[in-house]
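Each remark here refers to the structure printed beneath this line.
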Amino acid sequence: MTRSHMPEARTVVRAILLVTLMGSIVFASVRLATAPAASADPSVRVQSDYVLMLLQCALGIVVMFLPLIVQRRFAVHLPSAIEIAFFVFLYCAIYLGEVRSFYFRIPYWDNVLHFFSGAMLGALGFVLVQLLNDSQRLHVELSPAFVSFFAFCFALASGVVWEIYEFTADSLLGTNMQKYVTEAGEVLIGRSALHDTMIDLIIDASAALIVTVLGFLWLRPRMGKDAERPAPLLERRPAAD
């Protein structure tokens, strides 16, 4: 796929994601009305499963428009490849993961997605620093080490916010996003109950660390006293859709 076709591909992928999530909301709403409140059979989806599905799909529709909001708010143009990767991630996490039950059908599906999200958020941290550097009101020159450290902290903090969201949803809606209840209905305690959350955070941190170290190695020779300023990741122009 050539760069000239990337905007069209982005539009198609975004449309597919939107239609898929809206259809999943209709599906979950219909099934919620007939689903049992509880079941001894772990293969049978109960009401809390469909509540989680509705929540994830609705949140996904909101989040998928964040790149468009950022572009218009800050007058930048995100590369289409980044947006496509973001939409593919949402499709894999929400539709395949929750609606199609890939979290249970495919081993380590959740781990793969956390690694991908940690890497993506680490890269986004570099983009945010560039927005600060290119600001008309505030211009700063940050060292490659600080930029990389900020990107790593941003990715890890975003992972923590996600775990807080999972904990809140589990507490208020009776869902099982943090996997503190087994498929057999056993409520885990102590270290076992923390396992899913801590593994997610460790994977987020590992992926972010890899990306930020690579980013540091790329920035360091390009930000010396006599080096040319690295090519911008973002173009300072109004986004056009």
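- Under the 3.5 Å distance criterion, the side-chain polar atoms of Thr11 are matched with a main-chain donor or acceptor of Pro7.
- Interatomic distance, CD1 of Ile210 versus CZ of Phe152, reported as 11.0 Å (0.5 Å rounding).
- The cluster map of Ile, Leu, Val, Met, Phe, Trp and Tyr, joined by side-chain heavy atoms under 4.5 Å apart, puts Ile16 and Leu96 in different clusters.
- Taking hydrophobic clusters as Ile, Leu, Val, Met, Phe, Trp and Tyr residues chained together by side-chain heavy-atom distances below 4.5 Å, Val30 does not share a cluster with Val99.
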### Task
Report the C-alpha distance between Ile25 and Ile61 in whole Å, list the side-chain angles of each, state the deciding distance to 0.1 Å, and finish with yes or no for side-chain contact (heavy atoms from CB on, under 4.5 Å).
CA-CA 10 Å; Ile25 288 178; Ile61 291 176; 3.7 Å; yes
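- Linking ILVMFWY residues whenever their side-chain heavy atoms come closer than 4.5 Å, directly or via other members, places Leu156 and Val213 in the same cluster.
- Closest approach of Val211 to Ala123, counting heavy atoms only: CG1-N, 3.8 Å.
- Under the 4.5 Å side-chain heavy-atom criterion for Ile, Leu, Val, Met, Phe, Trp and Tyr, Val63 and Leu21 are members of the same hydrophobic cluster.
- When every heavy atom of Leu121 is checked against every heavy atom of Phe154, the shortest pair comes out as O-CD2, 3.5 Å.
- Residues Ser24 and Cys57 approach most closely at CB-SG, 3.6 Å, considering heavy atoms.
- Ring pair Phe89/Phe116 is tilted by interplanar angle, where 30° to 60° counts as tilted.
- Among the candidates Gln56, Arg14, Met64, the single residue satisfying the side-chain contact (heavy atoms from CB on, under 4.5 Å) test with Leu90 is Met64.
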### Message
Evaluate Phe149 against Cys153 for side-chain contact (heavy atoms from CB on, under 4.5 Å), listing each step before the verdict.
### Response
CA-CA 6 Å; Phe149 178 70; Cys153 291; 3.5 Å; yes
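- Using a 4.5 Å cut-off on side-chain heavy atoms (C-beta onward), Phe126 and Val147 make contact.
- At a threshold of 4.5 Å between non-hydrogen side-chain atoms, the residues Leu54 and Ser29 count as touching.
- Residues Tyr50 and Met53 are in side-chain contact: their nearest non-hydrogen atoms beyond the backbone lie under 4.5 Å apart.
- The closest side-chain heavy-atom distance from Gln71 to Glu83 is below 4.5 Å.
- Rounded to the nearest 0.5 Å, atoms OG1 (Thr168) and CD (Gln178) are 8.5 Å apart.
- The two residues Ala151 and Gly122 have their closest heavy-atom pair at CB-O, 3.4 Å.
- Residues Ala207 and Ala119 come closest through the heavy atom pair CB-N, 3.5 Å.
- Expressed to the nearest 0.5 Å, how far NE2 of His114 lies from OG of Ser206 amounts to 12.5 Å.
- Taken from OG1 in Thr182 to CG in Asn176, the straight-line distance is 8.5 Å, to the nearest 0.5 Å.
- Checked by atom type and distance alone, the side chain of Ser192 never pairs as donor or acceptor with a backbone atom of Leu188 at under 3.5 Å.
- In Tyr165, the OH atom is crowded: over 12 heavy atoms of neighbouring residues, nucleotides or ligands sit closer than 6.0 Å.
- No continuous path of ILVMFWY side-chain contacts below 4.5 Å connects Phe115 to Val160, so the two sit in separate hydrophobic clusters.
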### Task
Take Glu186 and Val181, measure what side-chain contact (heavy atoms from CB on, under 4.5 Å) needs, and give me the verdict at the end.
CA-CA 5 Å; Glu186 176 189 2; Val181 181; over 6 Å; no
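- Crowding of Leu172 atom CG: a count of heavy atoms from other residues, nucleotides or ligands under 6.0 Å exceeding 12.
- The line from CG of Leu113 to CD1 of Ile203 is 10.0 Å long, rounded to the nearest 0.5 Å.
- The side-chain heavy atoms of Leu173 and Leu52, taken from C-beta on, include no pair separated by under 4.5 Å.
- Of the possible polar contacts, none joining the Trp109 side chain to the Ser101 backbone as a donor-acceptor pair under 3.5 Å is found.
- In this structure the side chain of Met177 reaches within 4.5 angstrom of the side chain of Trp162, judged on heavy atoms.
- Put simply, CG on Leu209 and OG on Ser148 are 10.0 Å apart, with the number rounded to the nearest 0.5 Å.
- Arg45 places none of its side-chain heavy atoms less than 4.5 Å from the side chain of Arg31.
- No donor-acceptor pair under 3.5 Å is formed between the side chain of Asp200 and the backbone N or O of Thr197.
- In this structure, Tyr103 contributes its side chain and Ala93 its backbone to a donor-acceptor pair below 3.5 Å.
- Ring-plane geometry between Phe146 and Phe150 is classed as parallel, the angle between the planes falling under 30 degrees on a 0 to 90 degree scale with a further cut at 60.
- Considering only heavy atoms from C-beta on, Asp196 comes within 4.5 Å of Asp110 through its side chain.
- The shortest non-hydrogen separation linking Ser39 to Val44 is OG-CB, 3.6 Å.
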